[in-house]
There are 2 protein chains.
Amino acid sequence: MNLKTATEIGKCLSNQTRFQILEWLKEPEKHFPPHETLKHFNDGVCVTYIQEKAGLSQSTISTYLTNMEKCGLLISTRHGKWSYLKRNEKTIKEFTDFLT
Amino acid sequence: MNLKTATEIGKCLSNQTRFQILEWLKEPEKHFPPHETLKHFNDGVCVTYIQEKAGLSQSTISTYLTNMEKCGLLISTRHGKWSYLKRNEKTIKEFTDFLT
DNA sequence: TTTATATATCGAGATTTATCAATATGTTTG
DNA sequence: CAAACATATTGATAAATCTCGATATATAAA
């Protein structure tokens, strides 16, 4: 982890909604309904579910998630027309190690 | 640690200079000269030394440090006319625990 | 292949942050 | 007390971020 990447992660963590998303994704089954198509949470939660729970516009949440993926906080996996997001624990650990 | 405080900390970590200060303060003796009056780094480093190393204006750094203290990232101790800043490892740990 | 659904990107206005110079406050020293 | 020094606060402008609606793209379903 370098200073630039760490700062990009800091930017993602500087907003309550984005931070909250990261918290929700710790335990997806606790905060989101199971997806109608996929029956598991192996790749996380789809954009729409996150958007509905956050209560912000689709475009805003899409941008948030894209940026969070870019700096390594999230991993995005596409299944058909859905994008699923899950935490990237490896980067999160690198970040906390860098800070500590 | 709650979401609001964590987000305030995230704001501090969203800027390279502020993040850098936190890194410098991990090992003050490695990045700063010993203070002419105090001979130790027990309470950290004075504002002026941090300001000079960061290369930003006195008012900017003062504001940075004040905010970093407000959200618990730093501990400020006054000795005479100097304010010394050091990392608040307790809060930093609470933050990384909250994130993990 | 048209239509519907999910996600991404663009453009714009409102809000927040970055950063400074100027000034104020607090503390020490002559 | 006056001068000097360290730090904090204020006021201002430029830059960045927030957030949306509109629109584009990708994929699936009819």
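Lettering of chains follows the sequences in order, A, B, ..., and the numbering in each one begins at 1.
Atom-to-atom, NZ of B:Lys81 to C1' of C:dG30 comes out at 12 Å; the value is rounded to the nearest Å. What separates CG of A:Leu74 from C1' of C:dT7 is a distance of 15 Å, to the nearest Å. One can place CG of A:Leu85 at 8 Å from P of C:dA8, the figure rounded to the nearest angstrom. For the pair B:Asn67 CG and C:dT19 C1', the computed distance is 13 Å after rounding to whole Å. Taking atom CD1 of A:Ile61 as the reference point, atom P of C:dT7 lies 12 Å away to the nearest angstrom. Rounded to a whole Å, the CD1 atom of B:Ile21 is 14 Å from the C1' atom of C:dA18.
The nucleotide whose nearest atom lies closest to any side-chain atom of B:Ser59 is, among C:dA22, C:dT27, C:dT9, C:dA22.
Remark: the A:Gln58 side chain and the C:dA8 base include a donor-acceptor N/O pair separated by less than 3.5 Å.
No salt bridge links A:Glu89 with A:Lys93; every basic N to acidic carboxylate O contact stays at or beyond 4.0 Å.
Side chains of B:Tyr64 and B:Leu56 form a contact here, defined as non-hydrogen atoms less than 4.5 Å apart.
Nearest-nucleotide positions on DNA chain D place A:Thr63 closer to the 5' end than the other of A:Thr63 and A:Trp82. Projected onto DNA chain C by closest heavy-atom contact, A:Leu65 and B:Asn15 fall at different nucleotides, the more 5' of which corresponds to A:Leu65.
Between B:Phe32 and B:Trp24, the ring planes lie perpendicular to each other; the angle is over 60°, past the 30° to 60° tilted range.
With A:Phe19 as the aromatic partner, A:Lys26 does not meet the cation-pi criteria of under 6.0 angstrom to the ring centre and within 45 degrees of the ring axis.
For C:dA6, neither phosphate oxygen OP1 nor OP2 lies less than 4.0 angstrom from any side-chain nitrogen or oxygen of A:Arg78.
When each of A:Asn67, A:Asn88, A:Leu25 is tested with A:Leu74 by the rule side-chain contact (heavy atoms from CB on, under 4.5 Å), just one qualifies, namely A:Leu25.
When heavy atoms are screened at a 4.0 angstrom cut-off, A:Tyr84 is found touching no nucleic acid atom at all. Using a 4.0 Å heavy-atom distance criterion, B:Thr60 is classed as a base contact. Counting any heavy atom pair closer than 4.0 Å across all strands shown, A:Tyr49 reaches no nucleic acid atom. Among the protein residues, B:Leu56 comes within range of the sugar-phosphate backbone only, with heavy atoms under 4.0 Å from sugar or phosphate atoms but none that close to a base.
Boundaries of the chain B contact region on DNA chain D are D:dC5 to D:dT9, first to last in 5' to 3' order (nucleotide atom under 4.0 Å from a heavy atom).
Using a distance-only test at 3.5 Å, with no hydrogens or angles considered, no donor-acceptor pair links the side chain of B:Thr100 to the main chain of B:Asp97.
Side chains of A:His35 and A:Tyr84: a donor-acceptor N/O pair is present below 3.5 angstrom, by distance only.
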